[in-house]
Number of protein chains: 2
Amino acid sequence: MTAMSTGEKLVDAAAALLDAGGDAAVTLRAVAQAVSVSHNAPYRHFVDRASLLGSVAERDFRTFSATFDEISQSDRTPIGKVKAALESFITYGEKHPARYRLLFSDPDIASRGGSLETAAMETFAKFSALIAGGQTAGQLPNLPTAALTGLIYAAVHGLLDLRAGGRMRQEKGFSNVLAGTTLLLDLISPR
Amino acid sequence: MTAMSTGEKLVDAAAALLDAGGDAAVTLRAVAQAVSVSHNAPYRHFVDRASLLGSVAERDFRTFSATFDEISQSDRTPIGKVKAALESFITYGEKHPARYRLLFSDPDIASRGGSLETAAMETFAKFSALIAGGQTAGQLPNLPTAALTGLIYAAVHGLLDLRAGGRMRQEKGFSNVLAGTTLLLDLISPR
DNA sequence: ACCTGAACACCGTTCAAGT
DNA sequence: ACCTGAACACCGTTCAAGT
């Protein structure tokens with residue numbers, strides 16, 4: 001077990017605080033206290049709060065990329081791979097709503113560029129490749145892959161965001177995201 | 001022209017600040033200053049900051065309800081009414097992204113209950129009625145209306161939220177929300 | 001190179017008064 | 001009924017030192 005650097009510990013603590021109390025709970029003071037350093041020690045590792053959160057996001061994007069790689073190399077059917085990817089996405093969104101929003105909704109995170117943007121684009125590209133596989137197998141409609149990927153991604157994101165925002169109760173059609181996603185895939189799959 | 005009450009002026013100012021600088025720009029001090037009252041005068045009209053934002057949201061939900069009423073009574077085709085409603089939704093989301101997120105993403109707003117929740121449910125019900133009309137006319141798939149409404153609503157919300165979050169660039173499939181919405185309706189419409 | 005304590009400006013909220 | 005000024009606790013950030 002290699003010793004975690006202070007920087008890694010801070011990222012860990014920030015992620016845990018996001019899970020426990022949402023964005024507002026991630027104060028630099030609370031993060032520092034969780035790691036037992038002074039309230040401004042984080043500035044020796046991150047230029048500001050947004051940068052710390054950016055590191056949390058980047059780490060999770062890399063985890064997604066690794067998961068999509070595993071799915072890609074599994075022995076599932078093409079459409080089964082798409083569904084597995086969506087399920088990992090949904091599980092993450094339901095288990096870590098605040099982190100989900102950090103990665104996929106927060107405007108400050110999207111505009112940071114650099115290695116974070118690279119990691120985010122890589123995740124998206126791997127998902128898009130799975131969609132393309134489903135199209136080649138004739139299990140998804142024959143549209144430009146980018147448009148189809150964007151639409152599926154947006155729909156699932158919408159379901160997850162409505163859930164994270166507490167607005168799922170009203171959409172009485174389905175009380176969980178997976179049901180909505182399944183319905184979408186059924187509706188658009190070639191008949 | 002009836003004089004606006006201080007409370008109404010505060011709601012106006014908060015909405016303008018949301019448009020101008022996003023959620024973080026809506027400090028009670030800035031709102032108060034815009035109305036030329038002291039920094040804690042808002043507390044004579046709203047119990048706290050969240051309550052003020054709740055009033056902004058409620059007002060916009062009522063505007064949506066009125067718009068959907070107009071659309072319902074227009075001489076458009078059933079599917080034309082659905083598209084008109086979606087367009088009004090999209091226009092609002094693109095013109096007022098911070099207010100859009102307040103109404104449709106913010107967890108604090110969703111859990112406030114009371115007249116705000118009533119207004120939000122009314123808006124949703126009116127939209128759902130337009131969807132039902134499209135189904136009766138055979139221009140939308142024959143599913144439980146609630147499920148179909150939820151799915152269309154979630155997909156458009158996803159597109160708008162990705163745009164508001166600065167993540168539309170990556171979804172190269174369509175650079176605007178209307179194109180994505182149109183694609184969805186094409187894909188799911190009965191063939 | 002990494003950390004600490006003091007300090008600053010800003011914010012939501014409360015309180016004691018004022019008209 | 002509505003408003004004001006002072007005050008409090010909290011937060012992000014900066015700075016001058018310390019090892």
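Every chain is numbered from 1, with letters handed out A, B, ... down the list of sequences.
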Worksheet entry | Contact residues, residues 44-53 of chain B to DNA chain C [heavy atom, < 4.0 Å] |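 Hits under 4.0 Å, by residue number: B/Arg44, B/Asp48, B/Arg49.
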Worksheet item: Out of C/dC11, C/dC3, D/dT13, which has the shortest distance to the side chain of A/Arg29?
Response: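 Nearest listed nucleotide: D/dT13.
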Worksheet entry | Proximal nucleotide (of C/dG12, C/dC15, C/dT4) relative to the B/Tyr43 side chain |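 Looking only at heavy atoms from C-beta outward on B/Tyr43, the closest nucleotide is C/dG12.
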Fill in: Contact check, side chains of B/Phe64 and B/Leu103, non-hydrogen atoms, under 4.5 Å
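Contact flag for B/Phe64/B/Leu103 side chains = yes.
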Discussion item. Can you confirm whether A/Leu187 sits close enough to B/Leu151 that some side-chain heavy atom of one is under 4.5 Å from a side-chain heavy atom of the other?
Written reply: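 They are in side-chain contact.
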Discussion item. Both distances below 3.5 Å, Watson-Crick or wobble geometry, any strand: find the nucleotide opposite D/dT13.
Written reply: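 When the pairing criteria are applied, C/dA7 turns out to be the nucleotide that pairs with D/dT13.
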Worksheet item: Who is the Watson-Crick or G-U wobble partner of D/dC2, with both distances under 3.5 Å?
Response: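 Across all strands, the one nucleotide that pairs with D/dC2 is C/dG18.
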Worksheet entry | Qualifying residue for ring-ring contact (aromatic ring centres under 6.0 Å, His included) with A/Phe61, from A/Phe104, A/Phe124, A/Tyr100 |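 Exactly one pass, corresponding to A/Phe104.
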Distance, rounded to the nearest Å, where [X] contributes [atom1] and [N] contributes [atom2]:
X	N	atom1	atom2	answer
B/His39	D/dC3	NE2	C1'	12 Å
B/Asn40	C/dA17	CG	P	16 Å
B/Leu28	D/dT4	CG	P	14 Å
A/Gln33	C/dC3	CD	C1'	17 Å

Worksheet item: Once you round to the nearest 0.5 Å, how far does CD of A/Glu94 lie from CZ of A/Phe89?
Response: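 CZ of A/Phe89 is found 11.5 Å from CD of A/Glu94.
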Practice prompt. Could you tell me whether a side-chain N or O of B/Arg101 sits under 3.5 Å from a main-chain N or O of B/Asp161, the two making a donor and an acceptor?
Written response: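 Yes, because the side chain of B/Arg101 sits within donor-acceptor range (under 3.5 Å) of the backbone of B/Asp161.
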Worksheet item: Would you find a donor on one side and an acceptor on the other, under 3.5 Å apart, between the side chain of B/Arg99 and the backbone of B/Tyr92?
Response: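 Not at all, since once roles are kept as given, no pair shorter than 3.5 Å links the two residues.
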Discussion item. Could you tell me how far C/dC2 sits from D/dA17 if I compare only their P atoms? Round to whole Å.
Written reply: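 After rounding to an integer number of Å, I get 22 Å for this pair.
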Worksheet item: Think B/Thr6 has a side-chain N or O under 4.0 angstrom from the OP1 or OP2 of D/dC2?
Response: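 The answer is no; no side-chain N or O of B/Thr6 sits under 4.0 Å from OP1 or OP2.
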